Number of protein chains: 2
Amino acid sequence: MKNKAIFYHAGCPVCVQAEQNVANALDPEKYEVESVHLGTDKSRVTEAEAAGVKSVPALVMDGTPFHINFGAGIEALK
Amino acid sequence: MKNKAIFYHAGCPVCVQAEQNVANALDPEKYEVESVHLGTDKSRVTEAEAAGVKSVPALVMDGTPFHINFGAGIEALK
């Protein structure tokens, strides 16, 4: 079974670059990657925060948050 | 031809977690991943800085640095 990786972003340039390079480079045999735009899908901010996401872009893999560079603090997306 | 991804770290817990989750999850069909421990291989700090690495753990993909969470500032590794 594939693991789930969720890429949270806000459409910012730093986010787009991280998605194109890091999120899209994950092994499709191991991970199913979902991309969530927290700027347009604010209903998922709570879920992201619960996973430990403090800023975007962030990749949550197996429940663990990995913040990639810094685009925007999550507070700015509420 | 595979692209090169270099994972710079310093053996810290944050680094180990990022390596196990993110670096090891990259698609082996697309990327050849090299892991460099800057704490023990200080000769490569200059190369990491030249690529834009400010802290570890960081993943340099196609010449672009992606800082993953925060383990240690690169200044501490010189």
Side-chain angles (χ1 to χ4, degrees), chain A residues 1-38 45 47-77, chain B residues 1-38 45 47-77:
Chain A
M1 206 187 97
K2 287 190 194 183
N3 291 313
K4 183 80 179 272
I6 307 178
F7 181 73
Y8 292 104
H9 68 104
C12 55
V14 173
C15 297
V16 171
Q17 192 178 43
E19 181 167 18
Q20 289 176 341
N21 285 269
V22 184
N24 290 347
L26 298 181
D27 187 352
E29 298 288 316
K30 290 183 186 165
Y31 286 91
E32 182 191 330
V33 183
E34 181 188 8
S35 180
V36 177
H37 190 315
L38 292 177
V45 171
E47 160 204 309
E49 284 191 310
V53 173
K54 308 282 189 207
S55 62
V56 290
L59 191 62
V60 174
M61 302 176 78
D62 307 317
T64 303
F66 294 96
H67 301 88
I68 303 170
N69 289 345
F70 183 82
I74 200 159
E75 291 299 324
L77 302 170
Chain B
M1 205 187 98
K2 288 189 192 180
N3 291 313
K4 183 80 179 274
I6 307 180
F7 180 73
Y8 292 103
H9 68 105
C12 55
V14 172
C15 297
V16 171
Q17 192 177 45
E19 181 167 17
Q20 289 175 342
N21 286 269
V22 184
N24 290 348
L26 297 182
D27 187 349
E29 298 288 317
K30 289 185 188 164
Y31 286 92
E32 182 192 329
V33 183
E34 180 188 7
S35 180
V36 176
H37 189 315
L38 292 177
V45 171
E47 160 203 311
E49 283 191 311
V53 174
K54 308 281 190 210
S55 62
V56 289
L59 192 61
V60 174
M61 301 177 78
D62 307 317
T64 302
F66 295 96
H67 300 89
I68 304 170
N69 289 344
F70 183 82
I74 201 160
E75 291 298 325
L77 301 171

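Just so you know, these numbers use all the heavy atoms, side chains as well, and skip hydrogens, waters and symmetry mates. Below, chains carry the letters A, B, ... as their sequence lines are ordered, and counting in each starts from 1. Here the structure is a predicted model, which means the values were calculated and not measured.
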Of all the heavy-atom pairs spanning A:Leu26 and B:Val22, show the shortest one and how long it is.
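In this case the closest contact between A:Leu26 and B:Val22 is CD2-O, 4.4 Å.
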
Under 3.5 Å, which donor-acceptor pairs link chain B to chain A? Give each pair on its own line with the distance.
| from | atom 1 | to | atom 2 | distance (Å) |
| --- | --- | --- | --- | --- |
| B:Asn24 | O | A:Lys30 | NZ | 2.8 |
| B:Ala25 | O | A:Asp27 | N | 2.6 |
| B:Asp27 | N | A:Ala25 | O | 2.6 |
| B:Lys30 | NZ | A:Asn24 | O | 2.8 |
| B:Pro65 | O | A:Asn69 | ND2 | 3.1 |
| B:His67 | N | A:Asn69 | OD1 | 2.6 |
| B:His67 | O | A:Asn69 | N | 2.7 |
| B:His67 | ND1 | A:Asn69 | OD1 | 2.9 |
| B:Asn69 | N | A:His67 | O | 2.7 |
| B:Asn69 | OD1 | A:His67 | N | 2.7 |
| B:Asn69 | OD1 | A:His67 | ND1 | 2.9 |
| B:Asn69 | ND2 | A:Pro65 | O | 3.2 |

Relative to chain A, which segment of B:Pro57 carries a heavy atom at a distance below 4.5 Å: side chain, backbone, both, or neither?
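Neither the backbone nor the side chain of B:Pro57 comes within 4.5 Å of chain A.
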
